[in-house]
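The figures here come from the full heavy-atom set of this structure, side chains too, leaving out hydrogens, waters and symmetry mates. Throughout, residue positions are numbered sequentially from 1 according to the sequence presented.
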Amino acid sequence: MIQAVMVISTLGKPRLLKFYNFQDPEKHQELVRSVFQSLSARPEGVSNFVEADAIFGPGTKLVYKHLATLYFIFVFDSSENELAMLDLVQVFVETLNRCFKNVCELDIVFNFNKLHTVLDEMILGGQVIETSSEQIMKSVEEIARLEKQSSTTSLIPKSISERFSR
């Protein structure tokens, strides 16, 4: 099971935290700090898999991808395949690149709703539900279209709104 998804800047600022099992909110900052210290101390060119027993408990691992100024991190237990999780990180990054035309930290800061939508289309309750970037994009575009459509639909009858707009 996937226990958490994090996106952390290279300065240690959390840009996305999504936990799929309960974590005390007071503990979130400590977890982010521990994960960031673990990743930032790793040299370039080493494995993207890290044993996270000391941080998240026994049997947990994390896989990460470092792109530009961001770490994309998935925390999972022993029931998940490591390479499948690495591929899922890649799908997440590819989908975000398709959404934002080469994702950067500012895209994530200013479009966090879209970031959460993409993640929710991929993972539900810690279980992977979609791995196709194309399908995820179709769902995200449909959700955006419905949101736009619902925001332009007025709940006030046209006759009343015309009377008060004069």
task: Mind checking ring-ring contact (aromatic ring centres under 6.0 Å, His included) for Phe36 and listing every partner two or more places apart, or none if nothing turns up?
output: none

Flag, side chain of Asp53 to backbone of Gly59, donor-acceptor distance under 3.5 Å: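 Pair found, side chain donor or acceptor close to backbone of Gly59.
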
field: Sidechain-backbone polar pair: Thr60 side chain, Ala52 backbone, donor-acceptor under 3.5 Å
entry: yes

Look up atom [atom1] in [X] and atom [atom2] in [Y], then write down how far apart they are to the nearest 0.5 Å.
X	Y	atom1	atom2	result
Gln127	Met122	CD	CE	13.5 Å
Asn97	Cys104	CG	SG	10.0 Å
Asn48	Ile73	CG	CD1	11.0 Å
Lys138	Glu130	NZ	CD	10.0 Å
Thr117	Ile136	OG1	CD1	12.0 Å
Gln37	Ser34	CD	OG	6.0 Å

Return the set of residues passing side chain to side chain contact (heavy atoms under 4.5 Å, CB included) with [X] (not counting sequence neighbours), or none when no residue passes.
X	answer
Glu141	Met137
Leu124	Ile129
Asn113	none
Asp24	Phe22, Glu26, Lys27

Listed once per pair and sorted, the salt bridge (charged side-chain N to carboxylate O under 4.0 Å, His left out) pairs that draw on [range], sequence neighbours left out:
range	value
residues 92-111	Arg15-Glu105, Arg98-Glu134
residues 109-120	Lys18-Asp120
residues 29-50	none

task: For the residue pair Val91 and Thr95, establish whether any side-chain heavy-atom pair is separated by less than 4.5 Å.
output: yes

query: Got Ile123 and Leu88 here, is their nearest side-chain heavy-atom distance under 4.5 Å?
result: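 Answer yes - side chains close enough.
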
- prompt: With Ser47, which residues qualify under side-chain hydrogen bond (donor to acceptor under 3.5 Å, both in side chains), at least two apart?
  reply: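 For Ser47, no residue satisfies side-chain hydrogen bond (donor to acceptor under 3.5 Å, both in side chains) once neighbours in sequence are set aside.
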
field: Steps toward side chain to side chain contact (heavy atoms under 4.5 Å, CB included) verdict (Lys61, Asp77)
entry: CA-CA 6 Å; Lys61 296 179 182 176; Asp77 60 23; over 6 Å; no

- prompt: For residues 95-126, which residue pairs qualify under ring-ring contact (aromatic ring centres under 6.0 Å, His included), counting only residues two or more places apart or in two chains?
  reply: none

- prompt: Please, which pairs that meet ring-ring contact (aromatic ring centres under 6.0 Å, His included) have at least one residue in residues 40-67, sequence neighbours excluded?
  reply: His66-Tyr71

- request: Step by step, work out the side chain to side chain contact (heavy atoms under 4.5 Å, CB included) result for Leu62 and Phe74.
  value: CA-CA 6 Å; Leu62 61 87; Phe74 281 48; over 6 Å; no

Hydrophobic cluster membership, with links at side-chain heavy-atom distances under 4.5 Å among I/L/V/M/F/W/Y: are [X] and [Y] in one?
X	Y	answer
Val128	Val93	yes
Phe76	Val32	no
Val75	Leu70	no
Val35	Tyr20	no
Leu115	Leu17	no

message: Which heavy atom of Met1 sits nearest to which heavy atom of Ser79, and what is that distance?
response: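 For Met1 versus Ser79, the nearest heavy atoms are N-OG, 2.6 Å.
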
message: Checking Phe19 against Leu31 for the side chain to side chain contact (heavy atoms under 4.5 Å, CB included) test, could you report, in this order, the C-alpha distance in whole Å, the side-chain angles of both residues, the deciding distance, and whether it holds?
response: CA-CA 11 Å; Phe19 293 96; Leu31 292 171; 3.8 Å; yes

May I have the list of side-chain donor-acceptor pairs in residues 2-14 shorter than 3.5 Å, sequence neighbours left out?
{"residue": "Ser9", "atom": "OG", "partner": "Leu11", "partner atom": "N", "Å": "3.2"}
{"residue": "Ser9", "atom": "OG", "partner": "Gly12", "partner atom": "N", "Å": "3.4"}
{"residue": "Ser9", "atom": "OG", "partner": "Lys13", "partner atom": "N", "Å": "3.1"}

